[in-house]
S.K.: 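Please see the structure below; I have some questions.
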Amino acid sequence: MDQIAFIFDILLPALMQGLVVTLKLIVWSAPFGLALGIGVAAGRQYGGPVLSRVCKTFVFLIKGTPLLLLLFILYFGLPSIGITFTALTASVIGFILCNGAYNSEYIRGALLSIKDGQMIAAQALGMTRAQAIRNVIMPQALRRAIPGLSNEFIYLIKYSSLAYMITVVELSGVGKNVATKYFIYTETFMVVGIVYLALVTITTVAVNILEKRVAVPGMNRAAAAQL
Amino acid sequence: MSDNNIVLRVEDIHKSFGNNEVLRGISFGVRRGETKVFIGPSGTGKSTLLRCINQLTIPDRGSVWLDGEEVTNSGARINYFRQKIGMVFQNYYLFDHLTALKNVELALLKVRGMSRSEAREKALTELRQVGLEDWADHYPAELSGGQAQRVSIARALAMDPDVILFDEPTSALDPELTREVLEVMKKLALQGMTMLVVTHEMGFACSVATEILFMENGVVAEQGTPDLLMHDPKFTRMKNFIGQFDSYRGD
């Protein structure tokens with residue numbers, strides 16, 4: 001078969017369907033992963049001894065075990081105790097937990113970099129610790145965490161392909177199916193790779209724009225270098 | 001509480017850090033409109049004393065009263081008292097991610113629950129008061145030390161405090177910037193703001209203070225009006241201390 005015809009008539013239309021699934025996985029996972037990361041980082045840094053221990057243990061477990069294992073437990077394991085998720089839901093839950101745990105470490109690092117004076121000044125004005133964290137500490141920490149968080153987001157784009165292992169036919173899954181059906185492996189997987197590259201490129205550009213938009217004089221290296 | 005003009009009363013404050021007893025029983029009362037200045041060698045607990053007043057540091061013993069209400073052991077109500085007791089820090093501690101205007105606005109919006117327009121108007125008024133209305137949209141990193149300190153004074157003023165604590169407000173500034181900050185503080189004193197000031201600026205202390213408290217080794221060693229401490233032969237310790245200053249300056 002003509003290669004051009006294969007790519008444009010068969011492969012790309014199929015990949016578009018897979019891309020939609022991949023985007024669903026990412027779009028549903030990322031916001032909750034970020035929220036979880038913020039919650040876990042704040043809980044670990046500012047929570048009481050119990051909450052802090054819980055957050056630490058959560059991160060320890062997620063960091064210490066393969067994501068694939070987590071997905072297997074969520075999809076194949078939990079039904080045995082009566083909890084059944086669709087493959088897509090199980091994947092999204094797994095990704096949120098994984099993304100959240102790693103995000104929390106980036107955010108925690110940023111929280112540690114905020115000087116004590118910011119909290120002291122906020123409290124001296126009558127803010128509660130929670131108000132100070134929400135209005136003073138977090139906005140600064142999140143800006144500093146953007147490079148790490150974007151890294152984690154890019155990982156998410158790529159490890160979303162693990163959903164295929166629990167029957168979600170997303171971008172990589174579609175590629176695999178097309179490749180085995182037509183016995184055209186190299187070209188197919190290269191095109192799949194290009195689609196991932198495009199997603200990552202778009203993300204990188206978007207993060208650069210975001211970083212510029214929220215930049216505050218004196219709070220990032222670029223501005224510091226200009227001084 | 002015999003004198004009902006007393007707005008702030010500090011009674012027998014003790015504080016230790018480990019084996020180091022920093023404050024060994026400090027007591028005084030502040031009348032409305034007074035400026036009390038704390039002078040003394042470094043490490044004698046002056047800053048710790050200010051922090052004990054608004055409970056940023058919890059004293060081991062003793063109590064603090066604002067307008068007849070106990071500030072110590074006040075639980076969650078401490079956030080109410082902290083609105084009434086403003087504080088200005090040596091290193092300004094402006095919120096780095098907010099413009100000068102938003103620095104002043106933030107607590108008005110989040111703590112006092114003002115509307116956006118109300119808070120903005122109030123913040124601009126306070127910035128005008130310290131001469132920085134034109135700098136409202138600049139970030140802390142774009143301000144000089146003197147400007148940053150004036151913004152932090154405006155931030156404290158915005159809460160309409162009963163008393164403002166100044167913790168070495170000019171120690172990080174060069175002489176020129178020091179002057180612009182001291183001028184603002186002098187103006188506040190003349191307008192009747194009640195102020196407690198920890199400083200090494202003797203000129204400011206002598207011209208503005210209602211009373212100077214000379215602290216050493218965690219106690220108030222000498223106490224009186226600037227005139228009294230400078231000229232009464234009975235008081236020697238503070239004069240010696242200032243003498244050291246003068247010799248450093250080559251007088």
Side-chain angles (χ1 to χ4, degrees), chain A residues 34 38 41-42 45-48 106-149 210-227, chain B residues 47 50-51 53-57 74-100 102-113 137-143 148 151-152 154-161 164-167 172:
Chain A
L34 178 62
I38 292 172
Q45 195 63 23
Y46 298 107
Y106 291 115
I107 295 169
R108 195 169 67 91
L111 286 174
L112 289 171
S113 80
I114 307 296
K115 289 195 211 85
D116 289 346
Q118 300 287 309
M119 173 64 91
I120 292 172
Q123 289 188 300
L125 286 165
M127 285 190 216
T128 62
R129 275 172 73 83
Q131 283 176 322
I133 293 167
R134 194 164 55 240
N135 298 304
V136 176
I137 310 290
M138 242 350 140
Q140 297 185 30
L142 286 178
R143 283 180 170 84
R144 288 195 185 160
I146 288 175
L149 292 174
L210 174 72
E211 220 169 337
K212 286 213 181 77
R213 186 160 296 181
V214 301
V216 166
M219 271 202 66
N220 57 1
R221 278 166 56 102
Q226 286 166 13
L227 292 174
Chain B
S47 298
L50 289 196
R51 282 167 183 244
I53 291 174
N54 66 356
Q55 302 285 288
L56 286 176
T57 298
S74 57
R77 220 171 119 69
I78 187 59
N79 292 314
Y80 161 77
F81 289 116
R82 283 179 181 156
Q83 295 172 50
K84 301 270 112 200
I85 306 174
M87 188 154 193
V88 172
F89 302 91
Q90 179 176 349
N91 295 314
Y92 339 126
Y93 292 165
L94 291 183
F95 304 132
D96 292 330
H97 64 304
L98 298 177
T99 60
K102 293 205 162 134
N103 259 279
V104 183
E105 274 181 355
L106 186 64
L108 295 176
L109 294 167
K110 304 296 175 185
V111 181
R112 293 276 290 273
D137 294 325
H138 286 74
Y139 285 92
E142 300 169 322
L143 302 174
V151 172
S152 94
R155 183 174 67 176
L157 281 175
M159 304 300 283
D160 296 320
I164 302 187
L165 315 174
F166 291 86
D167 186 6

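In the text below, chain A, chain B and the rest are named by the order of the sequence lines, each starting its count at 1. All of these numbers come straight from a predicted model, not from anything done at the bench.
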S.K.: Does the side chain of B:N79 come within less than 4.5 Å of A:Q131's, by heavy atoms?
M.R.: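 Contact flag for A:Q131/B:N79 side chains = no.
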
S.K.: Is a side-chain donor or acceptor of B:E142 paired with a backbone partner of A:P217 at a separation under 3.5 angstrom?
M.R.: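 No, the answer is negative, given that no donor and acceptor are paired below the 3.5 Å cut-off.
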
S.K.: If you measure from CE on A:M119 to CG on B:L56, what distance do you get to the nearest 0.5 Å?
M.R.: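 A:M119 atom CE to B:L56 atom CG measures 11.5 Å (nearest 0.5 Å).
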
S.K.: Might you point out which heavy atoms bring A:A121 and B:F95 nearest each other, and give the distance in Å?
M.R.: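 Of all heavy-atom pairs spanning A:A121 and B:F95, the closest is CB-CE2, 4.0 Å.
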
S.K.: Quick one: pull up CD1 in A:I120 and OG1 in B:T57 and give me the separation to the nearest 0.5 Å.
M.R.: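 Going from the CD1 atom of A:I120 to the OG1 atom of B:T57 covers 8.0 Å.
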
S.K.: Please state whether the side chain, the backbone, both or neither of A:R134 comes within less than 4.5 Å of a heavy atom of chain B.
M.R.: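 No part of A:R134 comes within 4.5 Å of chain B.
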
S.K.: Against chain A, label B:I78 side chain, backbone, both or neither, depending on which of its atoms sit under 4.5 Å from a heavy atom there.
M.R.: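 Contact with chain A: none, neither part.
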
S.K.: Quick one: what part of B:L165 sits under 4.5 Å from any heavy atom of chain A, side chain, backbone, both or neither?
M.R.: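 Answer is neither: B:L165 stays 4.5 Å or more from chain A.
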
S.K.: Do A:K115 and B:N91 make a side-chain contact, defined as non-hydrogen atoms from C-beta onward lying under 4.5 Å apart?
M.R.: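 Contact flag for A:K115/B:N91 side chains = no.
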
S.K.: Give a yes or no answer on whether the side chain of B:Q83 reaches the backbone of A:A124 with a donor-acceptor pair at less than 3.5 Å.
M.R.: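 Such a contact is absent between B:Q83 side chain and A:A124 backbone.
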
S.K.: Check each atom of B:Y139 against the heavy atoms of chain A and say whether the ones under 4.5 Å are side chain, backbone, both or neither.
M.R.: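 The side chain, not the backbone.
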
S.K.: Rounded to the nearest 0.5 Å, what's the gap from NZ on B:K110 to CE on A:M127? Could you check?
M.R.: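 With rounding to 0.5 Å, NZ (B:K110) is 9.0 Å from CE (A:M127).
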
S.K.: Can you measure from OH (B:Y93) to CG (A:D116) and round to the nearest 0.5 angstrom?
M.R.: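 The distance works out to 7.5 Å.
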
S.K.: At what distance, to the nearest 0.5 angstrom, does NE2 of B:H97 lie from CG of A:L142?
M.R.: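 Spacing of NE2 (B:H97) from CG (A:L142) equals 10.0 Å.
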
S.K.: If we define contacts as heavy-atom pairs under 4.5 Å, which of B:A107, B:P161, B:A156, B:G86 has the most with chain A?
M.R.: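 Greatest number of close heavy-atom pairs with chain A: B:A107.
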
S.K.: Measure the spacing between CG of B:L109 and CG of A:N135 and express it to the nearest 0.5 Å.
M.R.: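 It is 9.0 Å, given to the nearest 0.5 Å.
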
S.K.: B:D96 versus chain A, heavy atoms under 4.5 Å apart: side chain, backbone, both or neither?
M.R.: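 The answer is both parts of B:D96.
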
S.K.: Please classify the contact of B:R155 with chain A as side chain, backbone, both or neither, using a heavy-atom distance under 4.5 Å.
M.R.: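 Both the backbone and the side chain of B:R155 come within 4.5 Å of chain A.
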
